[in-house]
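Report on the structure given below.
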Amino acid sequence: MGIYVNPGYDGFEKIRQDIYVDKTGLISYINSLIGKPRPLVSFSRPRRFGKSYDANMLCAYYDRSCDSGFLFEDLQISQADSFEEHLNRYNVISFDVTGFIAQSKENGTNAVWEIRNSLIKELRKVFPNCIDEEERNLGRALYEVVSAGNEKFVFVIDEWDALFRELQDDEQLQRDYILFLRSLFKNKDITPKVVAAAYMTGILPIKKYGTESAVSDFMEFMMTDPLILADYVGFTETDVRALCDTYHVDFFEMKQWYDGYTFEDVESVYSPNSVMSAIHFHKFRNYWTQTESFKSLRRYIGENFDGLKDAIIQMLGGQRVKVDIGTFKNDTTSFENRDDVLTLLIHLGYLAYDRAAEEVYIPNREVAEVFRAAAKGGVWKPVEKAIAQAEELLKATIRCESETVAEALELIHEECTSVLAYNDENSLACAIYIAYYTAKNYYMVIRELPSGKGFADYAFLPRRGTDKPAMIIELKYDKDADTAIRQIHDNRYSGALKDCYGNMLLVGINYDKNATGGKAKKHSCLIERMRG
């Protein structure tokens, strides 16, 4: 048992002792590939989505130097036909690339040399008398081990893309790294003889050169298209409901804070680290840490690359934005347009992607708070100012101060939306969402709530423990606020909030781009307190 070669089951045993969600179905999939022409998997996900948990799980299952069956006997994989066949059957090589960057004596520039030589050095210790003393090629060293009668290897590589993210300007190092991976996994003379399976995980998909993957033999699963591994991206709604029942946590609040990622076959995926943190600390809040990806977010949105600011404002306003993910080169530097930056933010977890609609959006309240923290200063000052004033706007609304609300919305609409899109109805809805940004502290805010004969533009449902009134906001365009209020009554929108009768506000807002009396782009507001 070593650090990198056959590391044992200690890591997974510690995971099992904490809050645990069964993701061993991933093992079944990898088992199905062993013995096939392409037993190589790359599964990229953002930070906080359980990548290292999976790496520890795979090491514990495949490592022949230990007996780990007791850790899996109550889990899903134990029911699979392939469970006993592959359990503790293979030699394992497992390493985290970030560790080699940290220990490199030349600020990471000799990380590939460190990886290669550290693995060969440890292979010599674990398999004495198998490797020639002059051997410096890892692939050949592995071949010598297997030729001596030892089992093939399962590779588990964590943070495989760290060199591209942390040393993004060192192109020579990146080329050396790709050649190193190819020598292991794309060598027709050695790979089939020594590799039983390989699993790489990181944040970015495999680097593209032109339109081709740099290590093309890997089957890729990623945030833009996880395919049959969608259940293993994060926690599913079934997982989270079970956790909330077990630990007596409010599922409704958990969903508002941490849900929002969606895929073709899995509609609700939650951020695992955030869910577990909320259970541990009994608090719903932003648990995203300020890693290098947060610094990247600040840099990209601060530069307003190719109109990125307008797209972010739309999404902060609760809307979705069209995106073309096809030109992204799977790195953090080769941006050709705004869509490349938006695609990177999908892989970093800051945006969710609807593949069918080809749209991106901010997935949940937690990530919205991250954007709010990142979007400070520079081109974001109007948005920052609007959010800072949101608390006072909410108080004015609850006090039924219609004129104050109309004036505030007019200013926010003017400052926070694109001039080109100003007269678009969606820009008014975006401005409303930003204007009432802090209302999410007291309300669940629902866009287009179905009720009665139609959809309410916005419904504000009070959260538990708050004495705030429920609110329905109806928006009109080139009409008047009275028409908006009448529509609320005529369509019986308030029926969806019947439990809030006696403590509910009906808010009608109109935007008239051609108002008379010398005031173009005028906003008007009417607030009615509904009596029970």
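As a basis for the values below, the full set of heavy atoms in this structure was taken, side chains included, without hydrogen atoms, waters or symmetry mates. Residue indices begin at 1 and follow the sequence shown.
The CG atom of L184 sits 10.0 Å away from atom CD1 of I115, with the distance rounded to the nearest 0.5 Å. Considering OG of S268 and CG of N364, their distance stands at 11.0 Å, rounded to 0.5 Å. The distance from atom CH2 of W257 to atom OG of S271, rounded to the nearest 0.5 Å, is 12.5 Å. Of the inter-residue distances, the one linking Q174 atom CD with L167 atom CG reads 8.0 Å to the nearest 0.5 angstrom.
Classification of the F164-Y177 ring pair by plane angle, with boundaries at 30° and 60°, yields tilted. Note on ring orientation: taking the six-membered ring where Trp is involved, the planes of F251 and Y270 are tilted (angle from 30° to 60°). Ring geometry for F72 versus F12: interplanar angle under 30°, hence parallel rather than tilted (30 to 60°). Taking the six-membered ring where the residue is Trp, Y437 and Y433 present perpendicular rings, their angle passing 60° and hence far from 30°.
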Report the C-alpha distance between F185 and F155 in whole Å, list the side-chain angles of each, state the deciding distance to 0.1 Å, and finish with yes or no for ring pair (Phe, Tyr, Trp, His ring centres under 6.0 Å). CA-CA 10 Å; F185 305 121; F155 280 78; 5.2 Å; yes
Before giving the answer on side-chain contact (heavy atoms from CB on, under 4.5 Å), spell out for E13 and F70 the whole-Å C-alpha distance, their side-chain angles and the decisive distance to 0.1 Å. CA-CA 10 Å; E13 184 177 34; F70 71 100; 4.0 Å; yes
Go through it in stages, so that I can follow the logic: the residues are M57 and Y20, the test is side-chain contact (heavy atoms from CB on, under 4.5 Å), and I'd like the CA-CA distance, side-chain angles, deciding distance and then a yes or no. CA-CA 12 Å; M57 174 187 73; Y20 180 72; 4.2 Å; yes
Please determine whether side-chain contact (heavy atoms from CB on, under 4.5 Å) holds for the pair E369 and W288, giving the CA-CA distance in whole Å, both sets of side-chain angles, and the decisive distance to 0.1 Å. CA-CA 9 Å; E369 291 298 315; W288 283 51; over 6 Å; no
As a quick check of understanding, evaluate side-chain contact (heavy atoms from CB on, under 4.5 Å) for V92 and L58, giving each step before the final call. CA-CA 9 Å; V92 170; L58 294 172; over 6 Å; no
Might you work through the salt bridge (Lys or Arg N to Asp or Glu O under 4.0 Å) test for D176 and R116, ending with a clear yes or no? CA-CA 11 Å; D176 290 346; R116 180 189 301 111; over 6 Å; no
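What you find for A162 and V97 is that their closest heavy atoms are CB-CG1, 4.1 Å. When all heavy atoms of Y458 and A429 are compared, the closest pair comes out as OH-O, 2.8 Å. Listed here is the closest heavy atom pair of A311 and V321: O-CG2, 3.6 Å. Between D217 and K186, the closest heavy-atom pair is OD1-NZ, 3.4 Å. Between D457 and I473, the closest heavy-atom pair is CB-O, 3.3 Å. In terms of heavy atoms, G234 sits closest to K23 at O-NZ, 3.0 Å.
R365 pairs in a side-chain hydrogen bond (donor to acceptor under 3.5 Å, both in side chains) with only one of the listed residues (N286, D259, N441), which is N441. Screening Y232, Y29, Y199 for a ring-ring contact (aromatic ring centres under 6.0 Å, His included) with F221, the sole residue that qualifies is Y29. Screening R463, R285, K283 against E253 for a salt bridge (charged side-chain N to carboxylate O under 4.0 Å, His left out) leaves a single residue, R463.
If you check the side chains of N31 and Y61, you find a donor sitting under 3.5 Å from an acceptor. When only modelled atom types and interatomic distance are considered, S68 and N88 share a side-chain donor-acceptor pair under 3.5 Å.
Distance alone, capped at 3.5 Å, is enough to place a donor-acceptor pair between the T343 side chain and the D339 backbone. At least one donor-acceptor pair closer than 3.5 Å links the side chain of N337 to the backbone N or O of D340. Proximity of a side-chain donor or acceptor of N273 to a complementary backbone N or O of R48 within less than 3.5 Å is not detected. At least one donor-acceptor pair under 3.5 Å links the side chain of N91 to the backbone N or O of E151. When atom types are taken as modelled, the side chain of R89 and the backbone of Y62 share no donor-acceptor pair closer than 3.5 angstrom. Under a 3.5 Å cut-off, the side chain of N330 and the backbone N or O of L204 do not form any donor-acceptor pair. Proximity of a side-chain donor or acceptor of E159 to a complementary backbone N or O of K51 within less than 3.5 Å is not detected. E366 contributes a side-chain N or O that, together with a main-chain N or O of Y287, makes up a donor-acceptor pair within less than 3.5 Å. Of the possible donor and acceptor atoms, none in the side chain of E264 sits under 3.5 Å from a partner among the backbone N and O of R355. Side-chain N or O atoms of S44 include none that pairs as donor or acceptor with a backbone N or O of G202 at under 3.5 Å.
The environment of NZ in K322 is crowded: more than 12 heavy-atom neighbours from other residues, nucleotides or ligands sit within 6.0 Å. Counting non-hydrogen atoms of other residues, nucleotides and ligands closer than 6.0 Å to CG of D245 gives a total above 12. More than 12 heavy atoms of other residues, nucleotides or ligands shown are found within 6.0 angstrom of CD on Q168. Residue E336 qualifies as enclosed at atom CD: its count of foreign heavy atoms under 6.0 Å is above 12.
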